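Please read all numbers here as calculations on a predicted model, not as lab measurements.
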Amino acid sequence: MKKMLFLITMVFLVLAGCVQNSNAPAEEGGEAQSGDETSASAQTLTVAMTADQGTLDPAVTMDNSAWKITYPAYERLVEYDGASTEVKPGIAKDWNVSEDGKTWTFTLNEDHKFADGSAVNAEAVKFTFDRTLKIGNGPAEVYSVISEIKVDSDYVVSFELEENFPPFLSTLAANYGGIVNPKVMDHEKDGDLGQNYLAANTMGSGSYELAEWKQGEYIKLSANKEAKVQPGISEVYFRIVGDGATQRMQLEKGEIDIAEGIPTEQIESVQSMDNVELLQKPSLLVDYVYVNSSKGNEALQDSKVRQALSYGIDYESMIDVVHQGYATPMRGPVPDGLWGHNPEAFQYELNVEKAKKLLSEAGAEDLTLKLLYSDNKTWWETEALTIQANLKEIGVNVELNKVAYATSREMMEKGDFDLALGVWSPDFGDPYMFMNYWYDSVNFGLAGNRAFYKNEEVDGLLKQAATSNDQAEREALYHDVQDIVIEEAPYILLFQKDFVLPVSKSVEGFVYNPMLEGIYNLAEMTKQ
């Protein structure tokens, strides 16, 4: 990704030649406002983020970074309720489920409209989920349990599930539950169901719509005049500022309102700014390393080698160095704060001698591995260097492979790596989000199992846990799976990160929801 310094960005924004997407409304007089002018307005919010985005199609993207753009542009049948993991009515005003858990019926509000003024009705809901299933990318796996979607009337729609799936309602509040205008088919090319168009445009009924996307510089959202909820902020700029020090300077000067990319080592200095508030909340965002168990270096197919890597990390030191203490070591794959977490799970700690012994038993001395990472997270550079230094102590040579974010995603999808840095946060409040995504072999690649891990016993237990109505039984099954996968170590479980965000004191109304990591409730936010 091309880094753009603030002055360059400002010049490009001022120029009348700033390119707009085909669906973007023309600025009066044909000129875009400068970054300084927009951020000074109470009608404009400016968020600095570190990297540009890939596709914005809700039926394709599984990336929270993209969801910060798409979530406010689409509405869903149900929505997360403030900071809670519970859901509330959205497009659907009420719903019911059959006794066997296989039929969900939703009655829709009749006053929701897409940005072009057309009605959000049962046909649009059916179209959206049918389209997702036909496209067959990551989100389709979430909804593979759907056998049929029926339009019962103009504003009543029902979902027939192949089997009982307890997390189903919660999945509808995730980004991939966003209802898409069926008129996207007017933009279909070569049978792509409009994927190419929605990669860089939005067609929803949310409070905002995508107005401009200047690749490598900024993404602009504008208020959707047809939306049910009209926001207090009319324009939102997501400005690409790859350098954390530059973000800090812009925040202090009031040129941006929210800084997502200030390195942890600079966070303390932010607290001294009179115009900035540092928000800190418990998070369900976890940081870990994918250990490519079947497609990477052949040595990684041996669980002893994978265990050695987990014993080779100095977790406490890494938290201090990388996050200045704003994190907690993970104990098992389900983070603390989400049901299904096992506080008694085995936890790897630094043990150099044990790591060396395991490598020797596996015949893997003088092992060289490539570590893949990108510029998507400000701390990954320091984290990669720390991992490199840690594993050198146990005799493993780590070669760093830093690539552009989009490239890293492509490589992870293909399994073209040995080790890779990753983060994950739940889209719905259920351990399914961690256990089934990470460890079920049907989810190889970006769908979730980026360690390319396969264990038939684990697959079977996960299937049981995903279809039981008994939460106590599900929790016991997930604990059993955790015992197995912790021992087999297809991931190096690093830490559970605190949510820390510097925000201008002029911004009001932001509510952090751990289910929506990196996503803003823009419709409810205002500026003084």
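- Taking the charged nitrogens against the carboxylate oxygens, E413 and R450 have no contact shorter than 4.0 Å, which rules out a salt bridge.
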Give the C-alpha distance, both sets of side-chain angles, the deciding distance and a yes or no for ring pair (Phe, Tyr, Trp, His ring centres under 6.0 Å) between F444 and Y453.
CA-CA 8 Å; F444 277 178; Y453 167 76; 8.9 Å; no
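- T44 is listed as a side-chain neighbour of Y237, based on a closest heavy-atom distance under 4.5 Å.
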Could you go through the salt bridge (charged side-chain N to carboxylate O under 4.0 Å, His left out) check for K220 and E235 one step at a time?
CA-CA 7 Å; K220 176 186 174 184; E235 294 181 341; 3.3 Å; yes
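- In this structure, N376 and S65 approach most closely via the heavy-atom pair OD1-OG, 3.5 Å.
- The minimum heavy-atom distance between I149 and K126, with the atom names listed, is O-NZ, 3.0 Å.
- Side-chain contact check for N164 and N469: at least one donor-acceptor pair (N or O, by modelled atom type) lies under 3.5 Å.
- Separation of atoms CG (N224) and CG (L210) is listed at 12.0 Å; rounding is to 0.5 Å.
- Side chains of D430 and S170: no donor on one and acceptor on the other come within 3.5 Å.
- A donor-acceptor contact under 3.5 angstrom links the side chains of D152 and S158, judged on distance only.
- Side-chain atoms of Y373 and E383 include no donor-acceptor pair closer than 3.5 Å.
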Assess the residue pair Y71 and Y520 against the criterion (ring pair (Phe, Tyr, Trp, His ring centres under 6.0 Å)); give the C-alpha distance rounded to whole Å, side-chain angles, the decisive distance to 0.1 Å, and a yes or no.
CA-CA 8 Å; Y71 205 80; Y520 301 96; over 10 Å; no
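- In this structure, the separation between OH on Y208 and CD1 on I69 is 12.0 Å, given to the nearest 0.5 Å.
- Atom CZ of F428 sits about 12.5 Å away from atom OG1 of T85, to the nearest 0.5 Å.
- Under 3.5 Å, the side chains of N175 and D427 contain no donor-acceptor pair of N or O atoms.
- Residues W95 and P89 have side chains in contact (heavy-atom distance under 4.5 Å, counting atoms from C-beta outward).
- Atom-to-atom distance recorded for L108:CG and K93:NZ is 9.0 Å, nearest 0.5 angstrom.
- No donor-acceptor pair under 3.5 Å is formed between the side chain of D375 and the backbone N or O of G242.
- Under the 3.5 Å distance criterion, the side-chain polar atoms of E79 are matched with a main-chain donor or acceptor of R76.
- In this structure, K402 fails the cation-pi test against W380, since its NZ or CZ atom is not both closer than 6.0 Å to the six-membered ring centre and inside 45 degrees of the ring normal.
- No salt bridge links K102 with E160; every basic N to acidic carboxylate O contact stays at or beyond 4.0 Å.
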Test side chain to side chain contact (heavy atoms under 4.5 Å, CB included) on V511 and E524; report intermediate values, then the result.
CA-CA 9 Å; V511 176; E524 291 79 40; over 6 Å; no
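- Classified by interplanar angle (parallel below 30°, tilted 30° to 60°, perpendicular above 60°), the ring pair F168/Y143 is perpendicular.
- Closest of all the heavy-atom pairs between V241 and A48 is CG2-CB, 4.1 Å.
- Here D440 contributes atom CG and L462 contributes atom CG; the two are 5.5 Å apart, rounded to the nearest 0.5 Å.
- Proximity of L421 to L371: side-chain heavy atoms (C-beta onward) are separated by under 4.5 Å at one or more points.
- W213 and D52 share a side-chain donor-acceptor pair at under 3.5 Å.
- Checked by atom type and distance alone, the side chain of R306 pairs as donor or acceptor with a backbone atom of L300 at under 3.5 Å.
- Panel note: side chain E517, backbone M515; no donor-acceptor pair is recorded below 3.5 Å.
- E260 has its side chain out of reach of T50: every pair of non-hydrogen atoms, C-beta onward, lies at least 4.5 Å apart.
- Ring orientation note: the planes of Y288 and Y491 are tilted relative to one another, at an angle of 30° to 60°.
- Looking only at atom types and distance, the side chain of N436 has a donor-acceptor partner in the side chain of Y478 under 3.5 Å away.
- Formation of a donor-acceptor pair under 3.5 Å by the N292 side chain with backbone atoms of L419 is not found in this model.
- Closest approach of S147 and E162 over heavy atoms only: CB-CG, 3.5 Å.
- Distance alone, capped at 3.5 Å, places no donor-acceptor pair between the T46 side chain and the I256 backbone.
- Using a distance-only test at 3.5 Å, with no hydrogens or angles considered, no donor-acceptor pair links the side chain of E212 to the main chain of Y218.
- Classified by interplanar angle (parallel below 30°, tilted 30° to 60°, perpendicular above 60°), the ring pair H187/Y197 is parallel.
- Using cut-offs of 30° and 60° for the angle between ring planes, the F129 and F159 rings count as perpendicular.
- Residues L133 and I146 form a side-chain contact, since some pair of their non-hydrogen atoms from C-beta on lies under 4.5 Å apart.
- The aromatic rings of W424 and Y437 lie tilted to each other, with the angle between the two planes from 30° to 60°.
- Checking D63 against Y405 by side-chain atom types alone, a donor-acceptor pair falls below 3.5 Å.
- The two residues G429 and L338 have their closest heavy-atom pair at C-CD1, 3.8 Å.
- Between D459 and K454, at least one side-chain N (NZ, or NE/NH1/NH2) sits under 4.0 Å from a carboxylate O, which counts as a salt bridge.
- Counting only distance, with no hydrogens or angles, the side chain of D130 and the backbone of F127 share no donor-acceptor pair below 3.5 Å.
- A donor-acceptor pair is defined here as one N or O able to donate and one able to accept, closer than 3.5 Å; such a pair exists between the side chain of Y74 and the backbone of M203.
- A salt bridge links K463 with E163: the distance from a Lys NZ or Arg NE/NH1/NH2 to an Asp or Glu carboxylate oxygen falls below 4.0 Å.
- Under the 3.5 Å distance criterion, with hydrogens and angles disregarded, a donor-acceptor pair is assigned to the side chains of E75 and S205.
- Counting all heavy atoms, side chain and backbone alike, S207 lies closest to A227 at CA-CB, 3.7 Å.
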Can you list the steps and then say if D100 with S98 is a side-chain hydrogen bond (donor to acceptor under 3.5 Å, both in side chains)?
CA-CA 5 Å; D100 64 3; S98 61; 2.6 Å; yes
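- Between the T467 side chain and the F165 main chain, no donor and acceptor come within less than 3.5 Å of each other.
- Salt bridge annotation for D418-K295: absent, with no cationic side-chain nitrogen under 4.0 angstrom from a carboxylate oxygen.
- Remark: I135 CD1 to D192 CG distance equals 8.0 Å, nearest 0.5 Å.
- For the 3.5 Å distance criterion, the side chains of S118 and D116 qualify, holding a donor opposite an acceptor.
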